Amino acid sequence: MIPISWKSLLSMTVLPNIVLAYTWPNPQLDELESQRYDRHGYNSRALSAGVSPCKNFLFGDTAGRANAADWIRTAYHDMATHNIVDGTGGLDASIRFEEDRAENAGDGFHLTLLVLTGESNRYASLADVLALGAITAIEQCGGPKISFRGGRVDATVANNPGVPEPQQDLASHIAAFTRQGFTKSEMIGLVACGHTFGGVQHDPFPNIVPESNDPNNTSGNVRFDSTFVTFDNKIATEFLDGTTGNPLVVGPEETNSDKRIFASDGNVTMSSFADAAVFASTCADLFARMLDTVPRGVQLSEVIEPLPVKPQGVYLLLLEDGSIQLNGEVRFWNTSENPNRKIQIKWKDRNGNPCDGCSKAIGHTIDQVSTFVANNEETTSVWYSFNQSATEFVTFDQHSSISKFWFEVDEGSGAQVADQNGASFEIQDVVMLADSSCRITSNLTLDIAIRKDVIPSRVYLKADDFANLAPFMRTIDVPPPASTSGGDSYNIWSISDTSLNRGWTIAVDVGDKTYETAYLQHHVFGTCS
Ligand code: HEM
Ligand SMILES: *[C@@H]1O[C@H](CO)[C@@H](O)[C@H](O)[C@H]1NC(C)=O
Ligand SMILES: *[C@@H]1O[C@H](CO)[C@@H](O)[C@H](O)[C@H]1NC(C)=O
Ligand SMILES: *[C@@H]1O[C@H](CO)[C@@H](O)[C@H](O)[C@H]1NC(C)=O
Ligand SMILES: *[C@@H]1O[C@H](CO)[C@@H](O)[C@H](O)[C@H]1NC(C)=O
Ligand SMILES: *[C@@H]1O[C@H](CO)[C@@H](O)[C@H](O)[C@H]1NC(C)=O
Ligand SMILES: *[C@@H]1O[C@H](CO)[C@@H](O)[C@H](O)[C@H]1NC(C)=O
């Protein structure tokens with residue numbers, strides 16, 4: 001068949017070329033992008049709820065503490081072991097092996113891990129989630145947008161100690177920050193940026209703050225500034241005008257580390273923070289550098305920006321009538337609902353050729369939600385589904401199948417193409433779930449359709465799990481089928497498993513390539529008969 005330049009046949013405009021942070025599908029960056037940006041409403045991820053409202057404390061309303069402050073402090077303490085000379089330490093979730101050190105006094109790290117570990121998985125390391133937890137807290141509680149890169153690697157052992165403590169002198173603090181990679185004025189900035197949240201509690205620091213009899217403040221938390229869960233420059237202005245109650249400024253002289261640090265350049269840096277915009281932009285930069293401080297050899301991604309058009313949870317299903325169904329949803333970023341909007345999903349067949357009738361309207365709006373908040377601004381997204389339970393399915397013949405899809409969006413003034421600047425959205429059809437799959441409570445029977453024209457060297461499930469509070473992946477081999485079925489194009493392999501209670505995928509090794517489904521845990525299984 002002569003390849004048709006299909007675009008030349010069409011007179012429609014293409015959405016303005018946007019420099020994409022990455023091209024979908026990229027399972028790791030797709031997952032991190034969702035955790036980073038899908039904060040509210042439909043498909044929202046859990047981090048945001050942990051700091052909504054900002055004074056939220058998941059371990060008791062009356063403690064006088066906040067998750068937001070613990071998450072930010074945890075990210076700093078985890079990073080603070082970094083040694084810029086030998087490249088060891090940095091944001092690598094080693095804090096989980098370092099909790100009993102005096103420099104990590106308090107239970108804030110443990111409580112943070114209890115919450116944030118649950119958001120980590122094979123694509124989002126615990127260290128990435130610690131970074132995202134801090135970013136979510138800062139951004140949602142009045143702070144500026146913080147650049148986020150992904151790809152942190154979880155340490156398997158503790159790092160060398162090295163978190164600064166309040167009773168140490170200024171020279172040790174300057175030395176500690178130099179070792180971490182920060183100058184003296186950056187040290188002043190980073191401490192002020194961190195200490196605009198939270199305070200000091202009695203239990204871990206009995207010599208700094210007194211015991212509290214207040215039933216609404218059982219931890220005796222004495223705040224660093226008068227707005228303890230809000231990102232603002234009061235940490236600086238209250239210091240400068242002498243009204244500060246910061247226990248590391250007006251506490252016992254020996255532990256007045258903030259006082260020594262803040263004044264260490266003759267108040268030049270702190271005075272510059274009297275300008276709220278300077279404070280916000282300085283903190284945005286320093287927080288990003290703090291979170292990107294990783295052990296040498298760890299390669300971080302580009303800064304992850306939201307994809308303007310992002311498919312989510314896309315998977316193929318081989319139906320009993322032999323056709324293939326495309327399931328999924330699509331998010332339009334920073335877009336409002338428009339009742340006149342018309343969306344077509346279009347696709348090319350298995351061989352990359354355009355096909356007759358490979359087009360379907362997907363008019364079903366799921367939700368319009370505000371997804372992301374920074375600089376006290378919200379951004380709205382709108383979601384559409386072409387999933388299992390939508391009334392109109394996107395289906396095609398198993399012989400022609402699919403290789404890539406894209407969208408055409410008409411807001412009422414002509415169709416525009418959303419195809420990742422020409423790349424389209426690629427999807428593999430080598431392995432997929434068959435509709436005959438079923439469950440009896442947690443016992444899943446998976447019927448796995450594998451294309452007949454490939455010779456798999458291994459078929460296996462990849463299942464997410466946890467060990468030592470961090471994510472890891474198990475594999476479960478699928479035995480070859482006794483007989484073949486599934487139509488002309490597919491064989492069905494089968495396995496039952498009761499342990500797939502977190503994220504899981506089906507993978508097929510063919511030569512040196514691995515074909516893998518998206519996470520399938522949202523598939524609605526029928527009950528086995
Ligand atoms: C010389 C450097 C630093 C010293 C000596 C220091 C000391 C302290 C102390 C003693 C506490 C009280 C902890 C508790 O009672 O649970 C604290 C809390 C906190 N620190 Fe620092 N800190 C330093 C730097 C930083 C930096 C660079 C950040 C972040 C960028 C940060 C973020 C926080 C936060 C958010 C809290 C509040 C925790 C809560 O309220 O639960 N600190 N810090
Ligand atoms: C504690 O907080 C609750 C709810 O905000 C309030 O009703 C109560 O009066 C407070 N108790 C004290 C002793 O301040
Ligand atoms: C909590 O208790 C401490 C110690 O009694 C007190 O100094 C601090 O001001 C209290 N914090 C709040 C927010 O009430
Ligand atoms: C810095 O500011 C504090 C608070 O106003 C003040 O007590 C201190 O003397 C100042 N230090 C210098 C070197 O100006
Ligand atoms: C959202 O879109 C509007 C209009 O195109 C643009 O001005 C704004 O900067 C966008 N906001 C974000 C956060 O991308
Ligand atoms: C499918 O779409 C419907 C509505 O469009 C939604 O309620 C449901 O949660 C979606 N299911 C999955 C598995 O995505
Ligand atoms: C799970 O279901 C399969 C198929 O019905 C059955 O053969 C297997 O024994 C079940 N496993 C468990 C642990 O119940």
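Whatever order the structure lists ligands and atoms in, that order sets their numbers, starting from 1. Since we're looking at a predicted model, the values are computed, not measured.
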>> Which residue is it: L248, L240, T269, I235? I am looking for the one with a side-chain contact (heavy atoms from CB on, under 4.5 Å) to F262.
In response: I235

To which protein heavy atom is [atom] closest, and what is the distance rounded to 0.1 Å?
| atom | value |
| --- | --- |
| atom 11 (N) of ligand 2 | N216 ND2, 2.9 Å |
| atom 4 (C) of ligand 1 | P164 O, 4.2 Å |
| atom 17 (C) of ligand 1 | F224 CZ, 3.6 Å |
| atom 24 (C) of ligand 1 | Y76 CE2, 3.7 Å |
| atom 13 (C) of ligand 4 | G266 CA, 3.7 Å |
| atom 29 (C) of ligand 1 | G194 CA, 3.4 Å |
| atom 10 (C) of ligand 1 | F205 CZ, 3.5 Å |
| atom 34 (C) of ligand 1 | R73 CB, 3.6 Å |
| atom 3 (C) of ligand 4 | N267 ND2, 3.5 Å |
| atom 4 (C) of ligand 4 | F239 O, 3.2 Å |

> With respect to atom 30 (C) of ligand 1, which of I188, L190, N104 exhibits the smallest heavy-atom separation?
Replying inline: L190

Using a plain distance cutoff, I'd like to know if [X] has any nitrogen or oxygen under 3.5 Å from a nitrogen or oxygen of ligand 1.
| X | result |
| --- | --- |
| Q201 | yes |
| H195 | yes |
| H173 | no |
| P204 | no |

> Which of the atoms in ligand 2, numbered in the order shown and given with their element, are less than 4.0 Å from a heavy-atom of P215?
Replying inline: 13 (C)

> Using the ring of each side chain (for Trp, its six-membered ring), is F386 parallel, tilted or perpendicular to F407, with breaks at 30° and 60°?
Replying inline: tilted

> Where does the angle between the aromatic ring planes of F182 and F177 fall among parallel (under 30°), tilted (30 to 60°) and perpendicular (over 60°)?
Replying inline: perpendicular

> Is it true that D86 and R296 have a side-chain N and a carboxylate O under 4.0 angstrom from each other?
Replying inline: no

> Is E302 atom CD crowded by more than 12 heavy atoms from other residues, nucleotides or ligands, each under 6.0 Å away?
Replying inline: no

>> Heavy-atom count check: over 12 atoms from other residues, nucleotides or ligands less than 6.0 Å from D61 CG?
In response: no

Judged by modelled atom types alone, do [X] and [Y] share a side-chain donor-acceptor pair under 3.5 Å?
| X | Y | value |
| --- | --- | --- |
| Q312 | N43 | no |
| S34 | K310 | yes |
| S226 | E238 | yes |

Just to check, does [X] reach to within less than 4.0 Å of ligand 1 when the distance is taken from its heavy atoms?
| X | result |
| --- | --- |
| A69 | yes |
| F228 | no |
| V163 | no |
| G199 | yes |
| P166 | yes |

What atoms of ligand 1 come within less than 4.0 Å of a heavy atom belonging to [X]?
| X | value |
| --- | --- |
| M290 | 30 (C) |
| L248 | 7 (C), 8 (C) |
| D70 | 39 (C), 41 (O) |
| S257 | 5 (C) |

> Is L240 in polar range of ligand 4, meaning some N or O pair under 3.5 Å apart?
Replying inline: yes

Ring centre gap for [X] and [Y] strictly below 6.0 Å:
| X | Y | value |
| --- | --- | --- |
| F332 | Y384 | yes |
| Y76 | F287 | no |
| F525 | H523 | yes |
| F279 | F231 | yes |

> side chain to side chain donor-acceptor pair (under 3.5 Å) with R152: which of D92, D78, D292?
Replying inline: D292

> Of all heavy-atom pairs between H77 and E103, which one has the smallest distance, and what is that distance?
Replying inline: CE1-O, 3.4 Å

